Amino acid sequence: MSQSQGIALHHQPHDAGYRLVELPPELESLLESDAAPVLTLEASDTSAVLKTADKSYAMRQKNTSNALFLLSPTTPTSSDQQPGLAIVSTIHETVELEAVAEPAITKGPLKDTGSKGKWHERFGKNR
C-alpha cells in the first residue's frame, strides 16, 4: 500500500488588498492579443468605468459567500520542510465588468439660438 504525502499549506497574508476582476470573453481575448490596448479608468456617476479604445465597462463589486484563496508557491526554509503553498490573501469580493453604451455624439450644424454678439461679454455682465 502506497502512502501519499499532502501539500503543505501556510497562511502568510500580505498587507496588500486584492480584488479579482471578471473579464468578459471579448476583453480577455483583446488583452491576450499581440496588440493589447491601453486601458483607462474614469469615474462616472454610479461607478468606475474601464475603457478601451472602442468599448466601456462599468465596474461593480460583487460579494461572494464562498471565499477564494490567492495562493503562492513556497520554498523550504530548512532541510526538513517540504515545498508547499501559502495563502497570500482571502478574497470575499470580485469586480464585475458590464459593457455600457457610449453616449451618442450628435454631429452636424449648430442650432441657431437667436443670440447675437460676443457671448463671453454678455455672460460676464450677467454674473
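Model, not experiment: these values are computed from the prediction.
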> Considering residues at least two apart in sequence or located in another chain, which fulfil the side chain to side chain donor-acceptor pair (under 3.5 Å) criterion with Asn66?
Replying inline: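 Checked Asn66 against side chain to side chain donor-acceptor pair (under 3.5 Å); zero matches.
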>> Under the rule for side chain to side chain donor-acceptor pair (under 3.5 Å), what residues qualify as partners of Thr52, not counting sequence neighbours?
In response: Asp54
> Taking only residues two or more places apart in sequence or in another chain, which ones pass salt bridge (Lys or Arg N to Asp or Glu O under 4.0 Å) with Glu28?
Replying inline: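 So Glu28 forms no salt bridge (Lys or Arg N to Asp or Glu O under 4.0 Å) with any residue.
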> Which pairs, with at least one residue in residues 29-46 and sequence neighbours excluded, count as a salt bridge (charged side-chain N to carboxylate O under 4.0 Å, His left out)?
Replying inline: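 Non-adjacent pairs meeting salt bridge (charged side-chain N to carboxylate O under 4.0 Å, His left out): Glu42-Lys51.
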Can you list the residues that meet the side chain to side chain contact (heavy atoms under 4.5 Å, CB included) rule with [X], with sequence neighbours excluded?
| X | result |
| --- | --- |
| Leu68 | Leu20, Ile91, Thr94 |
| Glu98 | Arg60 |
| Ser44 | Thr46, Ser47, Val49 |
| Phe69 | Leu71, Ile87, Thr90 |

>> Quick check: is Val21 connected to Leu39 through a chain of hydrophobic side chains (ILVMFWY, heavy atoms under 4.5 Å apart)?
In response: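 As far as the 4.5 Å side-chain criterion goes, Val21 and Leu39 are connected within one cluster.
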>> Applying a strict under-4.5 Å side-chain criterion to I, L, V, M, F, W and Y, I'd like to know whether Leu23 and Leu50 cluster together.
In response: yes
In Å and rounded to the nearest 0.5 Å, what is the [atom1] to [atom2] distance from [X] to [Y]?
| X | Y | atom1 | atom2 | answer |
| --- | --- | --- | --- | --- |
| Glu93 | Lys62 | CD | NZ | 12.5 Å |
| Glu26 | Tyr57 | CD | OH | 4.0 Å |
| His10 | Ser72 | NE2 | OG | 11.0 Å |
| Leu85 | His11 | CG | NE2 | 13.5 Å |

> Quick one: are Met59 and Leu41 in side-chain contact, heavy atoms under 4.5 Å?
Replying inline: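 Yes. Closest side-chain heavy atoms under 4.5 Å.
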>> Are Gln12 and Thr74 packed together at the side-chain level, in the sense that at least one heavy-atom pair is separated by less than 4.5 angstrom?
In response: yes
> Is Val38 isolated, or which residues cluster with it under the ILVMFWY side-chain rule of less than 4.5 Å, directly or via members?
Replying inline: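 Members other than Val38 - counting any ILVMFWY side chain reachable under 4.5 Å - there are none.
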